[in-house]
Asker: 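Next up is a structure, given as structure tokens.
Naming convention: chains lettered A, B, ... in sequence-line order (proteins, then strands); numbering from 1 in each chain. Predicted model only: the values in this text are computed from it and were never measured.
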Protein chains: 2
Amino acid sequence: MAFMIAQRAYLKLFLIGMVEKRKGYGYEMLEELKEQFRPFGYVPPQSEIYRALHELVQEGILYRTKRLKGNDPSIDFQEIVLYHFTEDGVTKADLYKKQVKIDLDRCLGMLNKAVHDHY
Amino acid sequence: MAFMIAQRAYLKLFLIGMVEKRKGYGYEMLEELKEQFRPFGYVPPQSEIYRALHELVQEGILYRTKRLKGNDPSIDFQEIVLYHFTEDGVTKADLYKKQVKIDLDRCLGMLNKAVHDHY
DNA sequence: GCATGAACACTTTGTTCATTA
DNA sequence: TAATGAACAAAGTGTTCATGC
């Protein structure tokens, strides 16, 4: 058993949550997460977001579609990658979330123990 | 800012606590910590304990003395390394603990956010 | 500058090995 | 087996680079 939850697993949880709410593509999710974690001084690195998304695809939880960002191709050529749940993605995601929850609780226990024992 | 608190920093906190209570040497502290963390399924690796102790020495918080473990050298040759606070070790340790506390709280915040947001 | 991805480097950690007198 | 330490290997992460629009 590893010491603490991995950054990757933690981010996957939030990315799954964002796909649930139809928040679409990597860069956008990155910016949103930067904002969410600002109070904690944690800046999720770009590479980790993409790695996490790729893993979720590999695991068959998400699949990708590509779109042009804007409506008018003459002014916006930017291609973006949107993420959606696969057929059994929601089920798989729920299972994953259950596993992560167990680890989160374990980590909370260990951190709380440190606080209680030493402060 | 790193994502989570490092294992090393976490263990140092507990090792400092043990030296405060005059729990003496590495192997013993390792076994004690294994016991303490058993409920969490976390088994602190031997190498991390020694590395953490060595760092605390390097940082001038602890110093080492060597002793034979038993009282009768004819039956117990085992040499052990005992750890004690240096002159300003307690002050330095307190400072270190303050820094770790800030990080522990930050990590607790992040884990609690995950739980509140996704469960 | 937005968006995606890969390469590379670095740090931390885990495992194994060596030594004891 | 208890005790310490180091060497080595692997994993995870952070930074930088490459690409296209």
Side-chain angles (χ1 to χ4, degrees), chain A residues 1-12 15 18 23-34 37 41-58 62-83 103 107 110, chain B residues 1-12 15 18 23-35 37 41-58 62-83 103 110:
Chain A
M1 175 82 63
F3 166 61
M4 278 280 123
I5 188 169
Q7 182 178 199
R8 189 87 44 91
Y10 184 88
L11 288 175
K12 276 175 168 177
L15 293 170
M18 285 177 159
K23 297 256 176 169
Y25 63 101
Y27 190 89
E28 191 188 30
M29 297 194 252
L30 171 63
E31 294 303 316
E32 159 100 30
L33 288 176
K34 278 185 187 170
F37 295 126
Y42 166 57
V43 182
Q46 175 251 57
S47 53
E48 275 301 305
I49 300 293
Y50 285 112
R51 279 194 276 242
L53 285 169
H54 297 164
E55 277 191 17
L56 288 169
V57 171
Q58 288 254 313
L62 302 181
Y63 72 95
R64 304 152 43 104
T65 58
K66 295 192 178 183
R67 295 252 179 96
L68 292 181
K69 190 183 176 188
N71 291 322
D72 188 349
S74 66
I75 54 163
D76 195 346
F77 303 96
Q78 186 76 61
E79 200 177 24
I80 58 176
V81 178
L82 295 171
Y83 291 87
D103 205 29
C107 293
M110 291 195 40
Chain B
M1 175 81 63
F3 166 61
M4 278 280 123
I5 188 169
Q7 182 177 201
R8 189 89 41 92
Y10 183 89
L11 289 175
K12 276 174 168 178
L15 294 170
M18 284 177 159
K23 296 256 177 170
Y25 62 102
Y27 190 90
E28 192 188 28
M29 297 195 252
L30 171 63
E31 294 303 316
E32 159 99 30
L33 289 176
K34 277 185 187 169
E35 205 45 52
F37 295 125
Y42 165 58
V43 183
Q46 175 252 55
S47 53
E48 275 300 305
I49 301 292
Y50 285 112
R51 280 194 276 242
L53 286 168
H54 296 164
E55 278 190 15
L56 288 169
V57 171
Q58 288 253 315
L62 302 181
Y63 72 95
R64 302 152 44 104
T65 59
K66 294 192 179 184
R67 295 251 180 95
L68 291 180
K69 189 183 176 188
N71 291 323
D72 188 349
S74 67
I75 55 165
D76 195 345
F77 304 96
Q78 186 75 60
E79 199 176 25
I80 58 175
V81 178
L82 295 171
Y83 290 88
D103 206 28
M110 290 194 43

Asker: Return the value, rounded to whole Å, for the distance between atom CG of A/L11 and atom C1' of D/dG14.
Answerer: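 To the nearest whole Å, that distance equals 13 Å.
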Asker: Residues two or more places apart in sequence or in another chain: which of them pass side chain to side chain donor-acceptor pair (under 3.5 Å) with A/E28?
Answerer: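 Here no residue qualifies.
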Asker: Could you please name the partner base of C/dA3, counting Watson-Crick and G-U wobble pairs only when both distances are under 3.5 Å?
Answerer: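 Base-paired to D/dT19.
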Asker: Could I get the full list of side chain to side chain donor-acceptor pair (under 3.5 Å) partners for B/E55, not counting sequence neighbours?
Answerer: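 B/E55: side chain to side chain donor-acceptor pair (under 3.5 Å) contacts with B/R8, B/K12.
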Asker: Of all the heavy-atom pairs spanning A/M1 and B/G41, show the shortest one and how long it is.
Answerer: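 Scanning both residues, the minimum pair turns out to be CB-O, 3.0 Å.
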Asker: Between C/dT4 atom P and A/I49 atom CD1, what is the distance in whole Å?
Answerer: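 Nearest whole value for this atom pair: 11 Å.
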Asker: Starting at CD of A/E55 and ending at P of C/dG5, how long is that distance when rounded to a whole Å?
Answerer: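 Whole-Å distance recorded here is 14 Å.
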Asker: Please give me every residue in residues 26-34 of chain B whose heavy atoms get under 4.0 Å of an atom in DNA chain D, ordered by residue number.
Answerer: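 Result for residues 26-34 of chain B: B/G26, B/Y27, sorted by number.
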Asker: Any base atoms under 4.0 Å from B/R64, or only sugar-phosphate, or nothing? Heavy atoms, all strands.
Answerer: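 Answer is sugar-phosphate: B/R64 comes under 4.0 Å of backbone atoms only.
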Asker: Among all residues two or more places apart in sequence or in another chain, which pass the side chain to side chain contact (heavy atoms under 4.5 Å, CB included) test with B/Y27?
Answerer: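 Result, side chain to side chain contact (heavy atoms under 4.5 Å, CB included) vs B/Y27: B/Y25, B/E31, B/Y50.
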Asker: Could you tell me how far apart A/Y83 (OH) and C/dA3 (P) are, to the nearest whole angstrom?
Answerer: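 Those two atoms, OH and P, are 13 Å apart.
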Asker: Starting from C1' on D/dG12, measure out to OH on A/Y10 and report it in whole angstrom.
Answerer: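 One finds 18 Å between C1' of D/dG12 and OH of A/Y10, rounded.
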Asker: Mind checking the CG-CG spacing from A/L62 to A/L53? Nearest 0.5 Å is all I need.
Answerer: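 Output value for this atom pair is 7.0 Å.
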Asker: Using Watson-Crick or G-U wobble geometry with both distances under 3.5 Å, which nucleotide pairs with C/dA21?
Answerer: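 Matched C/dA21 with nothing under the 3.5 Å cut-off.
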Asker: Give, for atom CG of A/L33 and atom CD1 of A/I49, the distance between the pair rounded to the nearest 0.5 Å.
Answerer: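 That separation rounds to 5.0 Å.
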Asker: Between A/Y50 and C/dA6, is there a contact of a side-chain N or O with OP1 or OP2 at under 4.0 Å?
Answerer: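 Answer is no, no contact under 4.0 Å.
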Asker: Using side chain to side chain donor-acceptor pair (under 3.5 Å) as the criterion, list what pairs up with A/R64, not counting sequence neighbours.
Answerer: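 A/R64 satisfies side chain to side chain donor-acceptor pair (under 3.5 Å) with A/Y83 once adjacent residues are dropped.
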Asker: Search all heavy atoms of A/P44 against all heavy atoms of A/L11 and return the closest pair with its distance.
Answerer: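 Shortest heavy-atom separation between A/P44 and A/L11 comes out as CB-CD2, 4.2 Å.
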Asker: Quick one, give me the B/S/- string for nucleotides 7-21 of chain C, reading 5' to 3', where B means a protein heavy atom under 4.0 Å from the base and S means that only happens at the primed atoms, P, OP1 or OP2.
Answerer: B-----BBB-----B
Asker: Calculate the interatomic distance between A/K66 atom NZ and C/dT4 atom P; express it in whole Å.
Answerer: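 These atoms are roughly 10 Å apart.
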Asker: How far does OH of A/Y10 sit from OH of A/Y42, to the nearest 0.5 angstrom?
Answerer: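 Reported to 0.5 Å precision, the distance equals 8.0 Å.
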Asker: Could you state the atom-to-atom distance from NE2 of A/H54 to C1' of C/dA3 in whole Å?
Answerer: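 For the pair A/H54 NE2 and C/dA3 C1', the rounded distance is 11 Å.
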Asker: Taking only side-chain N and O atoms of B/Y25, does any of them lie within less than 4.0 angstrom of OP1 or OP2 on D/dT4?
Answerer: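 No, because none of the side-chain N or O atoms of B/Y25 sits under 4.0 Å from OP1 or OP2 of D/dT4.
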